[in-house]
Amino acid sequence: MTNLSPKISELARPRPPMGDTNYLDALNAPQREAVEALDGPVLVLAGAGTGKTRVLTTRFAHLLAMSKARPWEILSVTFTNKAAREMRNRVAALVGESAEGIPWLGTFHSISAKVLRKHAELVGLKSNFTILDTDDQIRLLKQVILAENIDVKRWTPRHMAGLIDNWKNRGLGPDKISQSDGWSFANGKGAKVYEIYQQRLKTLNAVDFGDLLLHTLGIFLKHEDVLAEYTRKFKYMLVDEYQDTNVCQYLWLRLLARGSNNLCVVGDDDQSIYGWRGAEVDNILRFEKDFPGAKVVRLEQNYRSTGHILAAASKLITANEDRLGKTLWTDEDGGEKVKVFGVWDGEAEAIAAVEEIENWYSKHNAYADCAVLVRASRQMRAFEERFIQLGLPYRVVGGPRFFERLEVRDAHAYMRVIASDADDLAFERIVNTPKRGIGATSVQKLQQAARQLDLPLLSTARQLIQTDEITGKARTGLRALLTDIDHWRQMAETTKHAELAELVLDESGYTAMWQADKSPQAEGRLENLKELVQAMAEFDDLESYLEHVALVSERETGPSDDQISLMTLHAAKGLEFPLVILPGWEESVFPSQMALDENGNRALEEERRLAYVGLTRARQQAIIYFAANRQIYGRWQAVLPSRFVDELPPEHVEAKAETGYYGQQGNAGGGMADIVSGSSYDSPGWRRFQASKTRNKTIEGSAKAVAKPGAGGFCIGERIFHQKFGYGRIKAMDGDKVEVTFEKAGIKKLMVGFLEKPENL
DNA sequence: TGGGGGCACCTTTTT
DNA sequence: GGTGCCCCCA
């Protein structure tokens, strides 16, 4: 195991400026070039681990030091709050500026929200508009779709939400939807639903995520004077992760850059992994054409990974055609080769991988060094089970989001109702939670009346309880709720928002509802409510808290213990770990069959970029696993090693052929076999195992046994798996006949099979 | 109104 | 295989 030299790891850390421009000394030549090319458009192609953030932050500092701009004249955009936070901290440390003195550093969405709040009236909103989350968005869409008499089962709100997101990502308002686009939903009603939805949002004084950008773009396009205000303001612009921008963001940036033309974008076309969310790799591929005279700087020296890992990743990515091309290199030659292990199934994979982690721990004493990066979250379960079984500390990164939990959203809804009469979505959410006898029928009556009166639900409810339209339990319940709301609003005048929240949850009976709940989750929910109150207390007032919640979906995690990280490949972008475990490198799992079906070669290239991202997270060791059998949605499937495995350069890879599925030529592993009745499998190099009898019964169809050439065939004692009978072992062989006993769950079956002469051996 | 049964779905998800 | 959703029934 080669450790990275201290010199290298030190380079990756920011240094405070020593004098005027001493911070430049910490840069290598291309980094410095990227920092010093101050005027005009600049494209920085920053490969993985080449010091991208360092360039961005140093450039910011340099602009100040050269008196090119003041901190508030620089627009710096990132995609994630985490990236924004890191950049803010590093810039602040570098220039000694307080973090508050950098007002225009943030995510696309937070900066757009800021602009939109200022000019809300230009798009028919009030500046205190609510930002809806996905759940609200879908509930609202469902109402619209139902009202249009569209079959919600066939045309789901989720589907429509996806289409709308897509349109918004492309900068298309309801008026810009082409005939063909609109047709993709409910026989041509898509555009209409979109239009009504936008209308409803306006009435509710609300926007969804996409609107933050789309409305701002619309304002820039329609109001020259407003645009001019910002193009004058922003003398320089810095954009992080440019490969992830969508069309709307691109247009937004382009308009703003019209003033100064000082747009510097940093990105890596090889790390574009959000195409399915509207990111256009094309934006970065096209930059030089879009911004004539742009200076292009390539950062190719990698400070993160050892030579073998970097070489393996670099070779892999060359299989992609749509790329600008970079040649990453490192001073750190050697290190450990990338390991590729073939294993039996998901369980074996978790066992083997966790063994490697324990092995690492025994040498380095740090679980936090280790990360398991999976393609899909369902792969996490096997690992979690193993971690728990062995009592190893781990954390799931990017798991279920705190602010998206049911109880947290309910609590927010109460606060939103108190804050605003107009928030129908929040009102609907809490009107009968906890149960107040206000059932679906009553809510429907309310909605109907609200539409007639053209009033929000809450105001309508006030009127309706005066009449006889709602009776009995519902009327009593509604009256009590309205009285409570009035009372809470009064309290809000004098009570801090966090205390108010506690009081509201108590008095509304919401807390009591969960206390009475005997299900195992209830306790966790109560804890989350407590944490919620704490989170609220960290903000000055309710508005700033709700803004934070809307734009920052994750509760900030404090300093973490020494834990193994378990996450998806997507969540791992921007992170690095000494040891990276990459399980599930099998065709159909990774690359994901679903992605391939949907988007063909484009998707394949994106999957490959994902593989590239995964490998380049590793500093010292990367271990890839693939299984021969994978349970997908409860069905056993025999699977082949991912094509990405084959694309790795053999000289940088160490393959273990312990299962006989994979390995260098001539490596004779034991060769496990898989027998799956009823399916045929004719991939070259794989042999069929024709199973004919189980005791006296014949197994229908052909079964197969798999072993790669060179694996040496079956042997006595070898493990066999059968879909129906589970694990078994070869007990005896006689010529082509193989006797197998199945031991699982009391089944003792004897199978006799015939081994076909393999064509390819 | 709530609960149980049947059924369709199933990737990634910075904001 | 597990979950979430809808519908129907008591």
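Labels below follow one simple rule: chain letters A, B, ... track the order of the sequence lines, proteins then strands, and each chain is numbered from 1.
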Student: Taking only side-chain nitrogens and oxygens of A:T568, does any of them come within less than 4.0 Å of OP1 or OP2 of B:dT13?
Tutor: yes
Student: If you compare every side-chain N and O of A:S377 against the phosphate oxygens of B:dT12 (OP1, OP2), does one of them come in below 4.0 Å?
Tutor: yes
Student: With ring-ring contact (aromatic ring centres under 6.0 Å, His included) as the rule and sequence neighbours excluded, what pairs involving residues 128-155 of chain A come up?
Tutor: A:W155-A:F185
Student: Under 3.5 Å, side-chain donor or acceptor atoms of residues 140-149 of chain A against the rest of the protein: list the pairs with distances, not counting sequence neighbours.
Tutor:
residue : atom : partner : partner atom : Å
A:Q143  : NE2  : A:E428  : OE1          : 2.6
A:Q143  : NE2  : A:E428  : OE2          : 3.1
A:E148  : OE1  : A:K192  : NZ           : 3.1

Student: Would you please name every residue forming a side-chain contact (heavy atoms from CB on, under 4.5 Å) with A:M513, sequence neighbours left out?
Tutor: A:T433, A:P434, A:Y510
Student: Apply side-chain contact (heavy atoms from CB on, under 4.5 Å) to A:V247 and list each qualifying residue two or more places apart in sequence or on a separate chain.
Tutor: A:R170, A:L251, A:E280
Student: Please list, chain by chain and in numerical order, all residues satisfying ring-ring contact (aromatic ring centres under 6.0 Å, His included) with A:H570, sequence neighbours excluded.
Tutor: A:Y274, A:W276
Student: Excluding sequence neighbours, so at least two apart, what forms ring-ring contact (aromatic ring centres under 6.0 Å, His included) with A:Y394?
Tutor: A:F387
Student: List in chain and number order the residues that pass side-chain contact (heavy atoms from CB on, under 4.5 Å) with A:E587, two or more places apart in sequence or in another chain; answer none if no residue qualifies.
Tutor: A:P591, A:S642, A:R643
Student: Taking N or O atoms only and anything under 3.5 Å, show me the protein contacts with nucleotides 4-7 of chain B, one pair per line.
Tutor:
none

Student: Students often get this wrong, so: under 4.0 angstrom with heavy atoms, is A:Y274 touching a base, only sugar-phosphate, or nothing?
Tutor: base
Student: Quick one: side-chain contact (heavy atoms from CB on, under 4.5 Å) partners of A:R254, sequence neighbours excluded?
Tutor: A:Y250, A:D290, A:F291
Student: What I want to check is whether an N or O donor and acceptor connect the side chain of A:R375 with the base of B:dT12 at under 3.5 Å.
Tutor: yes
Student: List in chain and number order the residues that pass ring-ring contact (aromatic ring centres under 6.0 Å, His included) with A:F590, two or more places apart in sequence or in another chain; answer none if no residue qualifies.
Tutor: A:W585, A:F644
Student: Could you list, one pair per line, each protein nitrogen or oxygen that sits under 3.5 Å from a nitrogen or oxygen of nucleotides 4-7 of chain C, together with the distance?
Tutor:
residue : atom : partner : partner atom : Å
C:dC6   : OP1  : A:K142  : NZ           : 3.1

Student: Looking at residues 425-435 of chain A, who's got a heavy atom less than 4.0 Å off DNA chain B?
Tutor: A:N432, A:K435
